[in-house]
Asks: 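I'd like to ask some things about the structure below.
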Amino acid sequence: DASEQRPFAWRQLEISEGRVLLNGEAIFMHGVLYQGYWPESLLTPPDAAAVERDLRAIKACGFNTVRVHAVVMDANFYRLCDQLGLMVWQDMPSGDMR
């Protein structure tokens, strides 16, 4: 019998009286646009720790939100964001449906 364990957390995000609330607490979403770009390798991380270094630097600069644009990152990205306490604002990529 194969099994897999994954972390799970229940969070509530809502807008109330013009404010964003996370788990009932007012929060200011202070974020960056993250496109996962590296000069030496373009969209491919140059090594296994590159994304983690980026996310730790974002957190160290005082940001709490990462907006991901035009790409869906791998599961490790979202796991790291969760561990570091970074909210993810995901723009889903889409075509023009023609």
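Scope of the values below: all heavy atoms of this structure, side chains included, with no hydrogens, waters or symmetry mates.
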Asks: With clusters defined by side-chain heavy atoms of hydrophobic residues (ILVMFWY) lying less than 4.5 Å apart, directly or transitively, does Val20 cluster with Val88?
Replies: no
Asks: Report, as yes or no, whether the 6.0 Å neighbourhood of atom CD on Glu25 holds more than 12 heavy atoms from other residues, nucleotides or ligands.
Replies: no
Asks: Within the structure provided, determine whether Val66 and Trp89 are in side-chain contact (heavy-atom separation under 4.5 Å).
Replies: no
Asks: Under 3.5 Å, side-chain donor or acceptor atoms of residues 3-15 against the rest of the protein: list the pairs with distances, not counting sequence neighbours.
Replies:
{"from": "Glu4", "atom 1": "OE2", "to": "Arg6", "atom 2": "NE", "distance (Å)": "2.5"}
{"from": "Glu4", "atom 1": "OE2", "to": "Arg6", "atom 2": "NH2", "distance (Å)": "2.7"}
{"from": "Arg11", "atom 1": "NH1", "to": "Asp82", "atom 2": "OD1", "distance (Å)": "3.3"}
{"from": "Arg11", "atom 1": "NH2", "to": "Asp82", "atom 2": "OD1", "distance (Å)": "2.7"}
{"from": "Gln12", "atom 1": "NE2", "to": "Glu14", "atom 2": "OE2", "distance (Å)": "3.2"}

Asks: For the atom pair SG (Cys81) and CD (Glu52), what is the distance rounded to the nearest 0.5 Å?
Replies: 11.0 Å
Asks: Any side-chain heavy atom of Phe77 sitting closer than 4.5 Å to one from Leu86?
Replies: no
Asks: For Tyr34 versus Met73, what's the shortest heavy-atom pair and its separation?
Replies: CE2-CE, 3.7 Å
Asks: Honestly curious: do Phe63 and Val51 fall in one hydrophobic cluster under the side-chain, below-4.5 Å linking rule?
Replies: yes
Asks: When you measure from the side chain of Asn64 to the backbone of His30, do you find a donor-acceptor pair of N or O atoms at a distance under 3.5 Å?
Replies: yes
Asks: Check the hydrophobic clustering (I, L, V, M, F, W, Y; side-chain heavy atoms under 4.5 Å; chains of links allowed) and say if Tyr78 and Leu55 are grouped together.
Replies: yes
Asks: Please tell me whether Val32 and Val72 are part of a single hydrophobic cluster in this structure, the criterion being side-chain heavy atoms less than 4.5 Å apart.
Replies: yes
Asks: Stepwise, does the side-chain contact (heavy atoms from CB on, under 4.5 Å) test hold for Arg79 with Asn76?
Replies: CA-CA 5 Å; Arg79 181 186 57 78; Asn76 186 53; 2.2 Å; yes
Asks: Which residues satisfy the side-chain contact (heavy atoms from CB on, under 4.5 Å) test with Ala50, sequence neighbours excluded?
Replies: Trp38, Pro45, Pro46, Asp47, Arg53
Asks: For His69, is there any backbone N or O sitting under 3.5 Å from a side-chain donor or acceptor partner on Gln90?
Replies: no
Asks: Measure across Leu43 and Gln35 and return the closest heavy-atom pair with its distance rounded to 0.1 Å.
Replies: CD2-O, 3.9 Å
